[in-house]
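Here the structure comes first, spelled out in structure tokens, and everything after it is commentary.
The sequence lines fix the lettering, A, B, ..., with proteins before strands; numbering per chain opens at 1.
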Number of protein chains: 2
Amino acid sequence: MQMREVIEATHLSRDTIRFYEKEGLIPAPVRSGNGYRHYDESVVRQLKLIKRAKHLGFTLKEIKSLAVLLYQNSLTPREMELHLRDKRDEIAEKIAELAAIKSEIDAALAGMCPDKKSLG
Amino acid sequence: MQMREVIEATHLSRDTIRFYEKEGLIPAPVRSGNGYRHYDESVVRQLKLIKRAKHLGFTLKEIKSLAVLLYQNSLTPREMELHLRDKRDEIAEKIAELAAIKSEIDAALAGMCPDKKSLG
DNA sequence: CTTGACTATGGAGTTAACTCCATAGTTTAG
DNA sequence: CTAAACTATGGAGTTAACTCCATAGTCAAG
């Protein structure tokens, strides 16, 4: 799988993918004789995770640490488990924040209905 | 309520609050004779919403449109309701994305410790 | 009146995360 | 062969969202 296919599968730009490689968010792919990058299928999944996480307000620094945890085996199982649990807690916190915003919106919507009145 | 109190209540910097005012995310406060800003209590709630939304990956541009919807009465009830429902849909989508990341993490955790059935 | 904690301003500087550019090598279709 | 469509590189430029700075006015305490 070469660059063009990855671009099509992820809807990320060539420059963005190269940038993520430089920053260590995805592993450097093998090169064929001409110097072209040759990607493993799994990079698509990794890039999609990065894209989702970015959309959710995680910084690339945060995403990198998660990506390394998920896709590289650099830590002991124990360290890895602790880090992953931390990440899961962060996500739970974000879900709670989303719920808070949602209830603010719900309150505004409820306040607009004729039979309900005051809105804080 | 003046600047210092707002800073303490929101943990945002003076510069950030001034920046949000300049960008129209919060209304320009009234000024006392000396030129000092004098805030209404509601600004704290608005700033906290901005902070949460930012943490969740909304841009200031997106947040501005939401803040205007929630705190200023510039649209008809019908328009407002439509916009608020859109925002609520966006939030539902973000929750789904968070769930996707969470399951990726859960899968990694499950793969690491197949003997453990329950994950905190 | 001085000191120190407030407040104000416009504008420059910073950081993250791209995004673009100029240049150049490779491969494929005709 | 040429032309189009790929690929590569380092480095400059851009945008969002702050963050800092220099300068200066205000106000309460001692």
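No more than 12 heavy atoms of other residues, nucleotides or ligands sit less than 6.0 Å from atom CZ of A:R45. Within 6.0 Å of CZ on B:R31 lie more than 12 heavy atoms contributed by other residues, nucleotides or ligands.
Looking at A:E90 and A:K94, no side-chain N of the basic residue comes within less than 4.0 Å of a carboxylate O on the acidic one, giving no salt bridge.
Considering all non-hydrogen atoms of both residues, A:E62 and A:G57 come closest at OE1-O, 4.1 Å.
One can place CG of A:D15 at 11 Å from P of D:dT9, the figure rounded to the nearest angstrom. Counting to the nearest Å, the P atom of D:dG10 and the CD atom of A:E23 are 13 Å from each other. C:dT27 atom P lies 16 Å from atom CE of A:M3, rounded to whole Å. Rounded to an integer number of Å, the gap from B:E8 CD to C:dA5 P is 14 Å. At whole-Å resolution of the value, CZ in B:R18 and C1' in C:dG11 are 10 Å apart. Rounded to whole Å, atom P of C:dC21 lies 15 Å from atom CZ of A:R14. Between the P atom of D:dA8 and the CZ atom of A:R4 lies a distance of 13 Å, rounded to the nearest Å.
Seen from the ring of A:Y20, A:K51 does not count as a face-on cation partner, given the 6.0 Å and 45° thresholds.
Under the 4.5 Å side-chain heavy-atom criterion for grouping Ile, Leu, Val, Met, Phe, Trp and Tyr, B:L66 is connected to B:M80 within one hydrophobic cluster. Grouping the Ile, Leu, Val, Met, Phe, Trp and Tyr side chains by contacts below 4.5 angstrom, directly or via other members, places A:I105 with B:I95.
Between the CG atom of A:D106 and the CZ atom of B:R85 there is a distance of 9.0 Å, given to the nearest 0.5 Å. With rounding to the nearest 0.5 Å, the separation of CD1 in B:I26 from CG in B:L49 is 12.5 Å.
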Measure all distances between protein nitrogen or oxygen atoms and nitrogen or oxygen atoms of nucleotides 16-18 of chain D, and list the pairs falling under 3.5 Å.
from   : atom 1 : to    : atom 2 : distance (Å)
D:dA17 : OP1    : B:L60 : N      : 2.8
D:dC18 : OP1    : B:Y20 : OH     : 3.4
D:dC18 : OP2    : B:Y20 : OH     : 2.5

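The phosphate of C:dC6 (OP1 or OP2) has no side-chain N or O of B:Q2 nearer than 4.0 angstrom.
Applying a 4.0 Å cut-off to non-hydrogen atoms, the residues of residues 27-43 of chain A that approach DNA chain C are A:N34, A:Y36, listed by residue number.
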